[in-house]
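Just so you know, these numbers come straight off a predicted model, no measurement behind them.
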Amino acid sequence: MAFWKPGTIAPGSAVDRDTENETDKAVIAHAEQQFRHLTIKQQRERLPVFKLRRELLYLIDNYQTVIVVGQTGCGKTTQIPQYLDEAGWTTNGKQVACTQPRRIAATSVAERVAEEKNCRLGSEVGYLIRFEDQTSQQTRIKYMTDGMLFRETMIDPLLSRYSVIMIDEAHERSLYTDILLGVIKKIQKKRSDLRVIISSATLDAEAFYRFFNHNTSTTDKGKDTATIISLEGRMYPVDILYSDKPVDDYVEKSIQTVFDIHTKEPAGDILIFLTGREEIDTVVAELYERSRTLPERSMTLMPLPLYAGLTSEEQLQIFQPTPPHSRKVIVSTNIAEASVTLEGIVYVIDCGFVKVRAYNPKTGMEALVVTPVSKASALQRAGRAGRVRPGKAFRLYTEETYSTLQDTSIPEIQRSNLAPVILQLKALGIDNVLRFDFLTPPPAELMIRALELLYSLNALDDVGRLTIPLGIHLAEFPVDPMLGKILLASGDFKCSEEIVSIAAILSVQKVFINPSGKSTTKDQTILDSRRKFWVEEGDHLSLLNVYNAFIKHKSGKWCHDRFLNFKALSRAISIRQQLVRYLKRFKVPMISALKHFDNEKASEQIRKCLTSGYFAQAARAEQDGSGRFRTIRDNVLLSIHPDSVLFNRNPQWVVFHEVVETNQAYMRDLTVIEPDWLTELAPHFYEFKGDSKK
DNA sequence: GAGCACTGC
């Protein structure tokens with residue numbers, strides 16, 4: 001095998017296999033299963049975190065901020081809030097909050113803890129995520145998404161109901177985690193009683209410590225207000241094996257590595273990390289194809305794809321136990337790095353790359369770029385092999401390449417559109433966002449671009465304050481400012497019923513399903529079913545047709561037959577209800593253009609309304625017949641996404657919801673407009689560019 | 001003729 005484990009004599013030498021003796025079949029039994037017979041109390045006391053319970057509580061008493069460095073499986077997320085509850089931090093009606101970057105984590109951890117405390121979910125232990133409030137007056141331990149806690153700061157700026165706030169998975173540096181860190185640091189100055197726990201991976205602990213330590217003396221550690229404590233994990237060792245020479249085609253190499261493992265290593269499932277759907281489908285197909293050449297008596301190879309866009313049925317297969325005499329090979333995107341946990345993985349193959357979204361402030365466009373992973377990511381990926389027994393991680397790059405990797409990935413806040421963030425910070429009374437205390441500040445040009453957009457939407461005035469009421473309302477709205485703007489304008493255009501449906505459906509992920517392995521623009525059945533919703537004015541009105549048809553049926557079968565995503569559409573209904581509540585509060589009348597006007601006029605009203613918010617994202621067809629477009633504002637070259645209704649239809653002027661740059665820059669979700677509308681609806685933005693129409 | 005990594009309010 002062309003992998004070399006550091007510290008061994010040669011690639012593939014027998015010394016590499018020294019862990020094999022330990023991997024006896026008896027050990028394969030799921031780690032958790034072995035302890036099923038223990039009482040909950042015994043199980044809790046088995047966790048590594050338990051040994052440090054007293055020390056942890058002592059530190060929380062004595063430091064404003066405690067940084068907890070804990071590996072996977074040490075029990076910090078479930079146990080620390082319970083220790084705090086038991087130690088009296090929830091008396092006098094105070095609560096302990098624990099934030100998570102993902103909804104699924106908040107709900108599942110809360111369920112687990114309620115079970116441990118033998119109470120009903122929503123009583124002493126609860127969770128809070130968008131659309132689901134499982135808390136009550138009695139709730140003392142509250143798991144929630146970081147976005148929800150941030151939203152609470154708008155209502156209760158000092159977060160006064162909490163005695164302790166634990167920011168879990170802080171090393172992931174999600175957008176809202178980063179904003180919360182800054183806001184909480186500000187709150188600490190006014191609330192010396194508030195305790196903050198930051199849970200992080202090793203590599204970032206020092207940065208959090210420096211950020212939260214208010215001690216100005218460099219010599220007297222006794223005045224520190226922050227401290228670090230480390231918890232050991234409960235993981236099995238994972239051997240890291242590097243490629244002995246650079247790999248030029250990691251897709252092919254990953255396939256070869258699967259067969260190397262399959263023929264030379266004992267039983268145990270394989271997890272492969274690749275960057276995207278296309279690579280994954282290729283590898284899955286190749287593995288099927290080549291596994292036919294395996295000797296008859298060898299174990300069956302079961303290749304399975306894993307990415308977010310899979311249907312629920314496809315996802316179910318992943319979690320089925322591996323049948324006897326078989327080896328699952330899960331070929332996955334980065335989703336398996338933190339979001340999805342798979343049992344039974346013993347071997348990990350890491351291609352060393354990940355697809356990330358990068359925001360370009362010069363053009364306001366987002367690009368999806370394949371970039372090398374960070375060391376932290378590589379470590380996390382390898383760790384996925386050590387959950388049930390000692391495992392092996394095959395890195396499809398050399399050890400030298402590894403040494404050149406960044407320690408951690410670039411935080412989201414440094415590569416996002418900051419317009420919504422700035423609005424929300426301003427709503428909290430943080431006027432000078434450029435001087436806000438970020439753990440790592442976003443680049444200035446990202447800030448400036450966002451400020452310009454907010455100014456052009458009239459959300460900010462000449463001196464950068466929120467306008468009343470528009471800016472205030474946009475800050476409160478749980479949607480992007482441009483989408484918020486059309487919602488608030490929709491009453492004036494007499495099409496609020498339609499715009500709120502469009503906004504809801506734009507807020508959910510893919511409505512149309514692309515079955516894996518099928519080309520959706522070639523498959524006639526899929527194409528025909530999609531065309532029933534199409535209108536020539538573009539995607540927004542087509543999506544409105546989908547929504548309106550869906551609410552008449554609301555059935556999973558109806559969706560399934562039409563290749564529509566039932567879960568996404570159901571979620572759109574919830575989002576629509578929430579948006580309508582906001583519009584009522586903002587005194588926007590609910591009017592249906594389709595009931596008020598004939599179809600043509602209704603379509604015009606809706607498209608004008610869209611233009612009134614998306615004027616900064618307008619484009620015009622190139623006159624050379626290439627089918628390409630240029631943005632009006634920055635003259636950036638764009639194409640129509642092949643999934644769009646308007647693909648190959650040659651519209652002249654369009655506004656678009658978003659751009660995604662892959663091999664080319666593609667506009668997604670676009671609508672045909674008249675050029676005059678731009679100068680009519682956004683004169684402040686286009687008055688100097690009137691000649692661009694010629 | 002070409003295609004979206006993953007979250008969150």
query = Relative to each other, are the rings of F586(A) and Y582(A) parallel, tilted or perpendicular (30° and 60° limits)?
reply = tilted
Interatomic distance where [atom1] belongs to [X] and [atom2] belongs to [N] [whole Å]:
X	N	atom1	atom2	answer
D178(A)	dG8(B)	CG	C1'	14 Å
Q380(A)	dC6(B)	CD	C1'	14 Å
L306(A)	dC6(B)	CG	P	9 Å
L180(A)	dG8(B)	CG	C1'	12 Å
E278(A)	dG1(B)	CD	C1'	13 Å
E169(A)	dC6(B)	CD	C1'	14 Å
R415(A)	dC6(B)	CZ	P	13 Å
M144(A)	dT7(B)	CE	C1'	17 Å

Is any side-chain N or O of [X] closer than 4.0 Å to OP1 or OP2 of [N]?
X	N	answer
S507(A)	dC9(B)	no
T145(A)	dC9(B)	yes
R668(A)	dC4(B)	yes
H641(A)	dC4(B)	yes
Y666(A)	dA2(B)	no

inquiry  = Using modelled atom types and a 3.5 Å cut-off, is there a donor and acceptor pairing between side-chain atoms of R415(A) and backbone atoms of I410(A)?
reply    = yes
Using a 4.0 Å heavy-atom cut-off across all strands, classify [X] as base, sugar-phosphate, or nothing.
X	answer
R102(A)	sugar-phosphate
N648(A)	base
F477(A)	nothing
V354(A)	nothing
I575(A)	nothing

query = Could you go step by step and tell me if K532(A) and D528(A) meet the salt bridge (charged side-chain N to carboxylate O under 4.0 Å, His left out) rule?
reply = CA-CA 7 Å; K532(A) 295 207 173 73; D528(A) 285 347; over 6 Å; no
Nearest listed nucleotide, side chain of [X], among [options]:
X	options	value
Y176(A)	dG3(B), dG8(B), dG1(B)	dG8(B)
R103(A)	dA2(B), dC9(B), dC6(B)	dC9(B)
K355(A)	dC9(B), dA5(B), dC6(B)	dA5(B)
F647(A)	dG1(B), dT7(B), dA2(B)	dG1(B)

Upstream residue (5' side of DNA chain B) when N334(A) and V479(A) are each assigned their closest nucleotide = N334(A)
task = On DNA chain B, check which nucleotide each of R571(A) and V356(A) is closest to and give me the residue with the more 5' one.
result = V356(A)
message = Check this for me, if you would: do K355(A) and E279(A) make a salt bridge, where the nitrogen-to-carboxylate-oxygen distance has to be below 4.0 angstrom?
response = no
query = Are any of the side-chain nitrogens in K76(A) or D168(A) under 4.0 Å away from the carboxylate oxygens of its partner?
reply =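 Here K76(A) pairs with D168(A) in a salt bridge, since their nearest N and O are under 4.0 Å apart.
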Side-chain donor/acceptor contact of E658(A) with base of dC4(B) under 3.5 Å =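 Indeed, a donor on one side and an acceptor on the other fall under 3.5 Å apart.
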query = Is the gap between the ring centers of H657(A) and Y614(A) under 6.0 Å?
reply = yes
